[in-house]
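What you see is a predicted model; the values in this text were computed from it and never measured. Protein chains get the first letters and strands the later ones, always in sequence-line order, with residue 1 at the start of each.
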There are 2 protein chains.
Amino acid sequence: MFANMETLLPLKIETSIGADHVRLARLAKALSHPVRVFVLEFLSRRACCYSGDLSDLLPIAKSTLSQHLRELKDAGLIQGELEAPKVRYCLRRDNWEQARALFGDFLGLEA
Amino acid sequence: MFANMETLLPLKIETSIGADHVRLARLAKALSHPVRVFVLEFLSRRACCYSGDLSDLLPIAKSTLSQHLRELKDAGLIQGELEAPKVRYCLRRDNWEQARALFGDFLGLEA
DNA sequence: CATCCTGTTCGTATGTTCGCGAACATCGGC
DNA sequence: GCCGATGTTCGCGAACATACGAACAGGATG
């Protein structure tokens with residue numbers, strides 16, 4: 001047997017899955033629900049929108065929408081600011097660009 | 001109140017989430033784990049590979065890898081053929097192209 | 001200050017994902 | 001016909017995801 005058996009696993013990790021794989025998977029997870037895809041597409045066209053705009057369009061409870069928005073926020077893809085009684089959501093352009101770059105690289109696409 | 005209140009929800013569905021949102025979310029879900037991202041990237045470079053090749057590289061149990069491969073197969077992104085004692089996995093180019101098109105459209109990227 | 005409007009958070013229920021080892025299936029070779 | 005090599009499927013527990021309504025928070029407005 002190998003004396004350094006316990007070192008093999010870390011070696012495997014290094015030589016296979018890297019930070020970009022994890023990052024891309026994290027982004028893909030954020031995109032892994034139709035509602036979140038819709039929200040991102042919606043926001044990528046308009047500059048910003050209110051939570052209520054989305055709630056009017058989507059056939060889900062407000063609490064559910066709020067949860068999806070939080071996931072997008074946690075993934076760094078959107079940001080929300082309290083504005084009067086409403087909440088204004090915008091795309092986070094910096095991370096959106098990073099996402100485009102990562103997916104583009106992975107899929108062999110370009111801007 | 002509206003007399004046709006019960007028709008509003010289907011209307012919402014039609015006017016918001018469409019088939020492409022669902023399709024993209026389905027693909028994103030397949031990409032939502034680092035191991036699956038790695039496998040796809042690996043396969044997109046080489047034409048095909050054996051399950052054992054991946055097992056040698058990845059720090060996970062074979063049964064776990066098999067599960068991830070099945071998910072990619074269910075998503076239509078890869079195909080596996082039994083070849084002697086091994087299993088040969090290849091990218092499904094047709095659906096891979098469709099995935100590239102969907103993501104490209106969504107992200108505003110071109111081939 | 002009470003109220004309304006807009007969203008978020010909480011609690012809960014239900015199902016899905018992830019990882020493993022054990023057991024099983026399949027095929028070539030002895 | 002049995003064995004070994006290679007993967008898949010099964011069964012399980014822990015963790016996470018999805019959805020909802022009820023309850024809560026914060027700011028404008030009467």
Between the protein and nucleotides 28-30 of chain D, are there any N/O to N/O pairs under 3.5 Å, and if so, what are the atom names and distances?
none

N/O contacts under 3.5 Å, protein versus nucleotides 9-16 of chain D?
none

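The side chain of B:Leu82 approaches C:dT26 more closely than any other nucleotide in the set C:dT26, C:dG7, D:dT8. Ranking D:dT8, D:dC20, D:dT18 by closeness to the B:Leu69 side chain, first place goes to D:dT8.
Counting heavy atoms from C-beta on, the side chains of B:Leu31 and A:Phe106 come closer than 4.5 Å. Side chains of A:Glu41 and B:His21 form a contact here, defined as non-hydrogen atoms less than 4.5 Å apart. The closest side-chain heavy-atom distance from A:Leu43 to A:Arg92 is not below 4.5 Å.
Atom CD in B:Glu71 sits roughly 14 Å away from atom P in D:dA17 (whole-Å rounding). For B:Tyr50 and C:dC27, the OH to P distance is 15 Å, given to the nearest whole Å. In this entry the distance linking CD of B:Glu81 with P of D:dT8 reads 13 Å, nearest Å. Across the protein-nucleic acid pair, B:Arg88 atom CZ and D:dG7 atom C1' stand 16 Å apart, rounded to whole Å. In this structure, the NZ atom of A:Lys86 is 9 Å from the C1' atom of C:dT6, given to the nearest Å. The CG-P distance, from B:Leu65 to D:dT8, rounds to 7 Å in whole Å. At whole-Å resolution of the value, CG in A:Leu58 and P in C:dT6 are 17 Å apart. Atom CG in B:Asp53 sits roughly 8 Å away from atom P in D:dG7 (whole-Å rounding).
For the residue pair A:Leu77 and A:Ala30, the shortest heavy atom distance occurs at CD1-CB, 4.0 Å.
The neighbour count for A:Glu110 CD, taken as heavy atoms of other residues, nucleotides or ligands under 6.0 Å away, does not exceed 12. When the shell of 6.0 Å around CZ of A:Arg93 is examined, it contains more than 12 heavy atoms from other residues, nucleotides or ligands.
Comment: A:Lys86 does not engage A:Glu83 in a salt bridge, judged by the lack of any side-chain N to carboxylate O separation of less than 4.0 angstrom.
Applying the 4.0 Å criterion to OP1 and OP2 of C:dT8, one finds that A:Tyr89 has a side-chain N or O inside that range.
Cation-pi contact between A:Arg36 and A:Phe38: absent, since separation from the ring centre below 6.0 Å together with deviation from the ring axis within 45° is not met.
Every pair passing ring pair (Phe, Tyr, Trp, His ring centres under 6.0 Å) that includes a residue from residues 46-89 of chain A is listed here, sequence neighbours excluded: A:His33-A:His68.
At the heavy-atom level, B:Arg36 lies under 4.0 Å from the strands shown only through sugar-phosphate atoms.
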